[in-house]
Asks: 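Dropping a structure here in C-alpha cells format, bear with me for questions.
Position 1 is the first residue of the sequence, and the numbers go up from there. Note: hydrogens, waters and symmetry copies are ignored here, and every other heavy atom, side chains too, is used. Atoms within a ligand are numbered from 1 in the order they appear, just like the ligands themselves.
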Amino acid sequence: MTTLFDPTRAGRLQLASRIVMAPLTRNRAPGALANARMAAYYRQRANPATGAGLIVTEATAISHQGQGYADVPGIWSAEHVAAWQAVTQAVHAEGGKIVMQLWHVGRISHTSLQPGGGAPVAPSALTANAKTVLLVDGQAQFTQTSAPRALDAAELPGIVQDYRRAAANAVAAGFDGIEVHAANGYLIDQFLRSGSNHRSDAYGGTIENRARFLDEVMQAVVAEIGGDRTGIRISPVTPANDASDDQPQALFEHVAHRLAPLGLAYVHVIEGSTGGPREHQQGPSPFDYAALRQAYRQSGGQGAWMVNNGYDLPLAEQALQDGADLVAFGKSFIANPDLATRLRQGGPFNSVDRATLYGGGEAGYLDYPTLG
Ligand code: 8OZ
C-alpha cells in the first residue's frame, strides 16, 4: 500500500515523499524581493524526512501588473532572481525540492499596487466582489478590489510573454520547476470561468475560447523550460475571489484534455472551496474529481495528480489509494514546520494563528515549534 512517506516522481522531479507544502501567501516580501527571513521559513520545511517532499512557493507575481497584494514577491527582474537564490539554496541544502508558483492576479488588485496607479486588468470590466490585502502600519487591511479595465486582445501576447520570462527567471533562480497559478479567481481563472469572462472575441464565449488564454500561457512556459518541470494549479468550483462558472465539469474536463499533451510534471487540484468546505458545489451537481482525472488520463496525461484542501492523514491516505499521487497541505504546514514527522507520529499538531498570516515579522512565521 502506498503511503504519504513513499517516494515518487513528478516529471523530472524525484520526490522523497508524497507530502507537498501548498503555496501560501504571507506578505513578507517588501519591495517584491525574497529575503533572508523567507529563506529561513522555507528551510524549516524543506527536509523531506521531517517536512515537505516538494515545496510550492507562495504565489509570485510575473509582472508589476500581476501584483495585487501588499508585499508579495515578484520574479520579473534580475533583482528578483538574485533575491530568490537565497531561498532555493536554503531548500536544496536541506535536500528539498522547490517550485515557484507563477501568478497574475488580474482584477484581484488595487490601483495603489498597479503601475502608475492605474486600473487592474481583467478579461472583462467586471469588478469582483472580493477583498485584497493591503498593509497599513504593518497591519493587514482587507480592502475591496478596484474596478478593472478589460484587456485588449492585442495586450495578451505581452502577458503570455511575462509568464514565459517568469518561468525562465525561476529556473535561473535555481527553482526545480514552476507551477502556473490557474486557480482561485485570478487572471487565468477569470478567463476560464463564465462569471468573469463576458468577452465576445476569440478569448470568450465558448469553453474552448475561454480556455485559450490558459492554453497560450501553458504552451509558452512549456516551450521555455519543458513540460516535465511545469505544473498547474486549478480550482474547478471554488468561489474564491468571486469566481463562478455555470458548467464547471465540462469546462475543466476540456482543460484536462488540453493539458494532457503538454507532458506536465503535475496537475494540482483544489477540491471544493479554497480553505473551506470540500463539498462546495457550483452548478447543478457535485463536481466529479475522479472524472476529471480520468479525462486527463484518457487524453494521455501522465503528470502526477496532486490534491489539496483540508487533508488530514486518513483522508490523504485514502486519496492515495484512490489514485492521487501527491497531497498538498497548506495551513498545517504554516503551523507545523515538521509536518511529516507529526503525520508519521499521529500528531500533535500546532494550530495556525490567523492574526499573523498576512504581513508582519518572525512571529507566526519562524517561531512555530517542532517536536523534540
Ligand atoms: C490568500 C491571501 C492572498 C492570496 C490564493 C494567492 O488564494 C492566493 C492568496 C490566498 O491562491
Asks: I need the single residue from I270, N309, N308 that forms a side chain to side chain contact (heavy atoms under 4.5 Å, CB included) with S235. Which is it?
Replies: I270

Asks: Select the closest option to atom 11 (O) of ligand 1 among R233, H181, E58, judged by heavy-atom distance.
Replies: H181

Asks: Among all the protein's non-hydrogen atoms, which is closest to atom 3 (C) of ligand 1, and how far away is it?
Replies: Y69 CE2, 3.3 Å

Asks: Report the C-alpha separation of F213 and Y203 in whole Å, then their side-chain angles, then the decisive distance to 0.1 Å, and conclude whether the ring-ring contact (aromatic ring centres under 6.0 Å, His included) test is met.
Replies: CA-CA 7 Å; F213 179 65; Y203 294 88; 7.0 Å; no

Asks: Looking at R258 and D215, does any basic side-chain N land under 4.0 Å from a carboxylate oxygen?
Replies: yes

Asks: Run the numbers for me: atoms of ligand 1, each under 4.0 Å from some heavy atom of N184, listed by number.
Replies: 5 (C), 7 (O), 11 (O)

Asks: Do any nitrogen or oxygen atoms of N241 lie less than 3.5 angstrom from nitrogen or oxygen atoms of ligand 1?
Replies: no

Asks: Counting distance only, does the side-chain N/O of T230 pair as donor-acceptor with the main-chain N or O of L264 below 3.5 Å?
Replies: no

Asks: At a 4.0 Å threshold, what atoms of ligand 1 neighbour a non-hydrogen atom of W103?
Replies: 6 (C)

Asks: Out of F142, Y358, Y186, who is nearest to atom 2 (C) of ligand 1 when you count heavy atoms only?
Replies: Y358

Asks: Could you tell me whether E224 and R164 make a salt bridge, using a distance below 4.0 angstrom between a side-chain N and a carboxylate O?
Replies: yes

Asks: Between R278 and D312, does at least one N-O distance fall below 4.0 Å, as a salt bridge requires?
Replies: no

Asks: Relative to atom 6 (C) of ligand 1, which among L24, V133, T25 owns the nearest non-hydrogen atom?
Replies: T25

